[in-house]
Amino acid sequence: MQGESGENSVRKVAVVGLGLIGGSFEKASRRAGYEVATLHHGDGGAGLADADLVLVCLPPAAVVPWMRDHAGEFRRGAVVVDIAGVKRRIMDEFAAAFPNGTGGWSFIGGHPMAGREVSGYANSLATLFDGASMILVPPDAAASVPAVLERYFLSLGFARVVVTSAAHHDEMIAFTSQLCHLISSAYVREDLARGHVGFSAGSFRDMARVGAPDPEIWTELFLSNRAALVPVLERYVGRLDDFLAALKDNDRGRLRRALEEGVAAKAQFGKGLK
């Protein structure tokens, strides 16, 4: 934490990967008073040797190979946190790459629940994480997250730090994030969308907002998390099929029951929506 000294503090942060998320971590960290070193994916390890915290903001496939290549450059006692949107794949690859331990530094998976519809460093913001959740996933389910790490993320503007397992993270993200992107992508490909002006309001904007994700990034995320995403998508498609069948059959009772089930389900979690 800025302004502190000693082993139980974060003073210098190294950010690897300067896209939207990496750039936002850089800017938010500087805003909070930390010393920040930045590295692009192909850069050498300059800035790693004295970093208390290393944030690896790379695509899932690149995270563990990068850590393996630079493992000898991390400061003893440093904490390395990856920021990729899937966790089970990365935890499995980490365990395979470091079967005998890391040699003095520690690793924790991470995922900030924040983003924008645009990508790239030019669109990064120091305020991107304000009010958001930061998810942390220890590689050992029995391990705890250092308090200093929680303090660091809260100092950037995060409202909360959530600690969970890789499997639970991936299942929840398949539903709360990835399914939404798939639905929106399918929705905006309807020909009628081109003529929406004058006929659309909040519902259309909400459905279309995340309908154009970066294809390269999201293809990898979807495929990396397909074990969790496929069952969630199948259940969703099944519920759509139920609506379709009710409409085709002009079955008022079936349609109303499905809508009532939706109202009841929303009542169980709706108060938690911002």
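Along the sequence shown, the residues carry numbers beginning at 1.
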Restricting to pairs with a member in [range], which pass salt bridge (charged side-chain N to carboxylate O under 4.0 Å, His left out), not counting sequence neighbours?
range            : answer
residues 182-204 : Asp191-Arg194
residues 243-258 : Asp242-Arg254, Arg256-Glu260
residues 83-98   : Asp82-Lys87, Arg89-Glu93, Arg89-Glu220
residues 170-181 : none

| Pairs touching residues 54-66 that satisfy side chain to side chain donor-acceptor pair (under 3.5 Å), sequence neighbours left out |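 Only Trp66-His70 qualify under side chain to side chain donor-acceptor pair (under 3.5 Å).
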
| query | How is the hydrophobic cluster of Leu192 composed, in terms of its other members, when Ile, Leu, Val, Met, Phe, Trp and Tyr link through side-chain heavy atoms under 4.5 Å apart, directly or indirectly? | reply | none

| task | Each residue besides Leu255 in its hydrophobic cluster should be listed here, by chain and number; the cluster joins Ile, Leu, Val, Met, Phe, Trp and Tyr at side-chain heavy-atom distances under 4.5 Å. | result |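 Its cluster partners, ordered by chain and number, are Phe243, Leu247, Leu259.
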
Which atom names give the shortest non-hydrogen contact between [X] and [Y], and what distance separates them?
X      : Y      : answer
Ile90  : Ala84  : CD1-CB, 3.4 Å
Gly47  : Asp50  : O-OD1, 3.5 Å
Ala227 : Pro231 : O-CD, 3.2 Å
Ser24  : Leu128 : OG-CD2, 3.3 Å
Tyr34  : Val10  : CE2-O, 3.2 Å
Gly23  : Ser124 : C-CB, 3.5 Å

| task | Just jot down the salt bridge (charged side-chain N to carboxylate O under 4.0 Å, His left out) partners of Asp69, sequence neighbours excluded, or say none. | result | none

| task | Using the test salt bridge (charged side-chain N to carboxylate O under 4.0 Å, His left out), find all partners of Arg31 that sit at least two apart in sequence or belong to another chain. | result | Asp130

| Stepwise side-chain contact (heavy atoms from CB on, under 4.5 Å) test for Leu53 and Val81 | CA-CA 8 Å; Leu53 173 63; Val81 179; 3.8 Å; yes

| request: Would you sort out whether Thr164 and Val137 count as a side-chain contact (heavy atoms from CB on, under 4.5 Å), showing the intermediate values? | output: CA-CA 5 Å; Thr164 189; Val137 179; 4.1 Å; yes

| task | Identify whether the distance between the nearest side-chain nitrogen and carboxylate oxygen of Lys12 and Asp52 falls below 4.0 Å. | result |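 Salt bridge flag = no for Asp52 with Lys12.
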
Could you tell me the separation between the [atom1] atom of [X] and the [atom2] atom of [Y], rounded to the nearest 0.5 Å?
X      : Y      : atom1 : atom2 : value
Phe222 : Leu229 : CZ    : CG    : 6.5 Å
His111 : His169 : NE2   : NE2   : 5.0 Å
Phe153 : Phe25  : CZ    : CZ    : 5.0 Å
Asp241 : Tyr236 : CG    : OH    : 11.0 Å

Show every donor-acceptor pair shorter than 3.5 Å between a side-chain atom in residues 204-218 and any protein atom, with sequence neighbours excluded, or say none if there are none.
residue : atom : partner : partner atom : Å
Arg209  : NH1  : Glu117  : OE2          : 2.5
Asp214  : OD1  : Glu216  : N            : 3.0
Asp214  : OD1  : Ile217  : N            : 3.2

| field | Charged tip of Lys27 within 45° of Phe129 ring normal and under 6.0 Å | value | no

| message | Could you walk me through whether Ile173 and Val86 satisfy the side-chain contact (heavy atoms from CB on, under 4.5 Å) test, starting with their C-alpha distance in whole Å, then the side-chain angles of each, then the deciding distance to 0.1 Å, before giving a yes or no? | response | CA-CA 8 Å; Ile173 295 306; Val86 295; over 6 Å; no

Report, one line per pair, each donor and acceptor closer than 3.5 Å where one atom sits in a side chain of residues 94-103; sequence neighbours left out.
residue : atom : partner : partner atom : Å
Thr102  : OG1  : Trp105  : N            : 3.4
Thr102  : OG1  : Trp105  : O            : 2.2

| query | Is Ile135 reachable from Met91 through a run of hydrophobic residues whose side-chain heavy atoms are each under 4.5 Å from the next? | reply |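 The answer is yes; both residues are in one hydrophobic cluster.
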
| query | Should Leu136 and Met134 count as side-chain neighbours, where that means a heavy-atom distance under 4.5 Å? | reply | yes

| His196 NE2: over 12 foreign heavy atoms closer than 6.0 Å |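 Yes, NE2 of His196 has more than 12 neighbouring heavy atoms, counting only those of other groups under 6.0 Å.
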
| Criterion side-chain contact (heavy atoms from CB on, under 4.5 Å) on Glu26 and Tyr121, from CA distance to verdict | CA-CA 10 Å; Glu26 176 209 355; Tyr121 182 83; 2.8 Å; yes

| field | Set of residues satisfying side chain to side chain contact (heavy atoms under 4.5 Å, CB included) with respect to Leu233, sequence neighbours excluded | value | Leu179, Leu182, Val237

